Protein chains: 2
Amino acid sequence: MGTVKNKGNVREASCQEELTAMRDSIEILGGKWKLLIMRYLTNRTAEHNHFKKIQRGINGISAKMLAKELKDLEVNLLVTRTIQDTRPVTVDYAITAYGKSIIPVTDMLVQWGLNHREKIKEEVLV
Amino acid sequence: MGTVKNKGNVREASCQEELTAMRDSIEILGGKWKLLIMRYLTNRTAEHNHFKKIQRGINGISAKMLAKELKDLEVNLLVTRTIQDTRPVTVDYAITAYGKSIIPVTDMLVQWGLNHREKIKEEVLV
DNA sequence: CTGGATCCCTTGTGATACTG
DNA sequence: CAGTATCACAAGGGATCCAG
């Protein structure tokens, strides 16, 4: 992609583009919680996920953090926020169609994490 | 995977395992730089990559950060560190066979980042 | 060139208390 | 229940100087 000058430069250019793209991804999805939240929501698209439920589902996250992270995700069109007309009030969060585009990312991270745990075991034995 | 008690619990258990696995991944690969470094190195397995060269390749990273991140990656067996017998001394870094296991992860992030940029364009037009 | 040491500012994150 | 406000601290990260 992009302007192709010659064999030597093509690769250079695309590598830099790759790094830039990764920077974007990391900026939006980075940090300790966002991908966990996204994964949690993708695993429960069938249910209503209100604030407290999500907080209980993601071990260790504080209300403050969860609120902030959800807001960020909403701004980036990855989740929706819906105020339910209940008493007391609840707010449901759901992953958007676009938000589902990050499933491959979390899939890879889940796999890698599981694999890494195996790797560590091996290393200890060796 | 894991112990299967009944239909209802299976999904619960595996979901928590997924989140735990992701936490591991995020802990090891998280932050602003590590995945960029890994990507940089995977794109240049054929070459010798010494410290300064990497720093130049990854826009904006300071020597302090690069040194720290490379050390972390080395501890986790993702990169190797080789002191070259040159004058003045240079040190080469290379991705390990195991380190290549994160290529799928960075691939997904690159793709997502590129895709996201398109998405943003669309949104602006709408 | 590599990269440790130091200083310092910014940001992330947690704890707690509080409001609608 | 949802979410904000506040305080407080740890971690992230930049700049600079310096030594092997």
Side-chain angles (χ1 to χ4, degrees), chain A residues 19-20 22-38 40-41 44 47-76 78-95, chain B residues 19-20 22-38 40-41 44 47-76 78-95:
Chain A
L19 294 189
T20 304
M22 286 229 322
R23 275 177 209 258
D24 290 348
S25 300
I26 291 171
E27 190 169 328
I28 294 169
L29 306 173
K32 202 171 167 181
W33 304 113
K34 291 203 185 71
L35 287 170
L36 291 177
I37 295 170
M38 290 302 286
Y40 179 87
L41 291 176
R44 296 163 171 278
E47 311 168 34
H48 283 262
N49 298 293
H50 61 272
F51 191 88
K52 205 68 185 181
K53 183 174 166 191
I54 300 174
Q55 194 184 354
R56 275 191 295 261
I58 299 178
N59 212 291
I61 193 168
S62 67
K64 177 173 128 184
M65 271 300 112
L66 184 54
K68 181 182 152 294
E69 300 293 69
L70 283 170
K71 204 177 289 179
D72 289 349
L73 293 172
E74 197 195 346
V75 167
N76 283 305
L78 297 171
V79 306
T80 54
R81 179 178 188 275
T82 316
I83 301 175
Q84 300 296 322
D85 192 9
T86 52
R87 175 77 196 148
V89 162
T90 60
V91 180
D92 281 4
Y93 293 89
I95 196 166
Chain B
L19 293 189
T20 304
M22 286 227 325
R23 274 176 210 260
D24 291 349
S25 301
I26 291 171
E27 191 168 329
I28 295 169
L29 306 174
K32 202 171 166 180
W33 305 112
K34 292 205 184 68
L35 287 170
L36 291 177
I37 296 169
M38 290 301 286
Y40 179 88
L41 290 177
R44 297 162 169 280
E47 313 167 32
H48 283 262
N49 297 293
H50 61 272
F51 191 88
K52 205 67 186 180
K53 183 175 165 191
I54 300 174
Q55 193 184 354
R56 275 191 294 262
I58 299 178
N59 212 290
I61 193 170
S62 67
K64 176 175 131 185
M65 271 300 111
L66 184 54
K68 182 182 150 294
E69 301 293 70
L70 284 170
K71 201 178 289 175
D72 290 349
L73 293 172
E74 196 194 348
V75 166
N76 282 305
L78 297 171
V79 306
T80 55
R81 178 177 189 276
T82 315
I83 301 174
Q84 299 297 321
D85 192 8
T86 52
R87 177 74 197 149
V89 163
T90 60
V91 181
D92 280 5
Y93 294 89
I95 196 164

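Keep in mind it's a predicted model, so treat the numbers as computed, not measured. Hydrogens, waters and symmetry mates play no part in the numbers below; they use all other heavy atoms, side chains included.
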Exercise for the section: Would you sort out whether M65(A) and K32(A) count as a side chain to side chain contact (heavy atoms under 4.5 Å, CB included), showing the intermediate values? Expected result: CA-CA 10 Å; M65(A) 271 300 112; K32(A) 202 171 167 181; over 6 Å; no
I58(A) versus R23(B): any side-chain heavy-atom pair under 4.5 Å?
-> yes
Separation of dA11(D) atom P from E69(B) atom CD, nearest Å, is 15 Å
CD1 of I54(B) to OH of Y40(B), rounded to nearest 0.5 Å, is 6.5 Å
* Passes side chain to side chain contact (heavy atoms under 4.5 Å, CB included), K53(A) versus D92(A)? Steps please. -> CA-CA 9 Å; K53(A) 183 174 166 191; D92(A) 281 4; over 6 Å; no
d(H48(A) NE2, Y93(A) OH) to nearest 0.5 Å is 15.0 Å
Taken to the nearest whole Å, CG/L66(B) to C1'/dG12(D) is 15 Å
* Kindly determine whether L29(B) and L78(B) satisfy side chain to side chain contact (heavy atoms under 4.5 Å, CB included), including the steps that lead there. => CA-CA 10 Å; L29(B) 306 174; L78(B) 297 171; 4.1 Å; yes
Distance below 4.0 Å between K71(B) side-chain N/O and dT2(C) OP1 or OP2: no
Taken to the nearest whole Å, CG/L73(A) to P/dG3(D) is 13 Å
Sorted by chain and residue number, the side chain to side chain donor-acceptor pair (under 3.5 Å) partners of T86(B) (sequence neighbours excluded) come out as T90(B)
**Asked** Should Y93(A) be listed as having a side-chain N or O under 4.0 Å from OP1 or OP2 of dG3(D)?
**Response** yes
From NZ of K34(B) across to C1' of dA11(D) the rounded distance in Å is 12 Å
Sorted by chain and residue number, the side chain to side chain donor-acceptor pair (under 3.5 Å) partners of N76(B) (sequence neighbours excluded) come out as none
- Query: For Q84(A), does the CD atom sit with more than 12 other heavy atoms under 6.0 Å from it, leaving out its own atoms?
  - Reply: yes
Between the CE atom in M38(A) and the NZ atom in K34(A), the distance rounded to the nearest 0.5 Å is 11.0 Å
By side chain to side chain donor-acceptor pair (under 3.5 Å), T20(B) pairs with (sequence neighbours left out) none
From CD1 of I61(B) across to P of dG13(D) the rounded distance in Å is 9 Å
Atom CZ of R87(B) and atom P of dT2(C) are separated, to the nearest Å, by 13 Å
Winner on side-chain proximity to V91(A), out of dG3(D), dG13(D), dG14(C), is dG3(D)
Interface polar pairs with nucleotides 15-20 of chain C, N/O, under 3.5 angstrom:
none

Here the distance between atom P of dG13(D) and atom CD1 of I37(B), to the nearest Å, is 11 Å
Contacts of A67(B) and K68(A) projected onto DNA chain C by closest heavy atom; the upstream (5') one is A67(B)
*Which is true for K32(B) with a 4.0 Å heavy-atom rule: it touches a base, it touches only sugar-phosphate, or it touches nothing?*
sugar-phosphate
Here the residues of residues 22-31 of chain B within 4.0 Å heavy-atom distance, strictly under, of DNA chain C are none
In whole angstroms, the gap separating P of dA2(D) from CD of E74(A) amounts to 15 Å
Per the under-4.0 Å heavy-atom filter, residues of residues 48-55 of chain A near DNA chain C come out as none
One should read off an interatomic distance between L41(A) CG and E47(A) CD, to the nearest 0.5 angstrom, of 10.5 Å
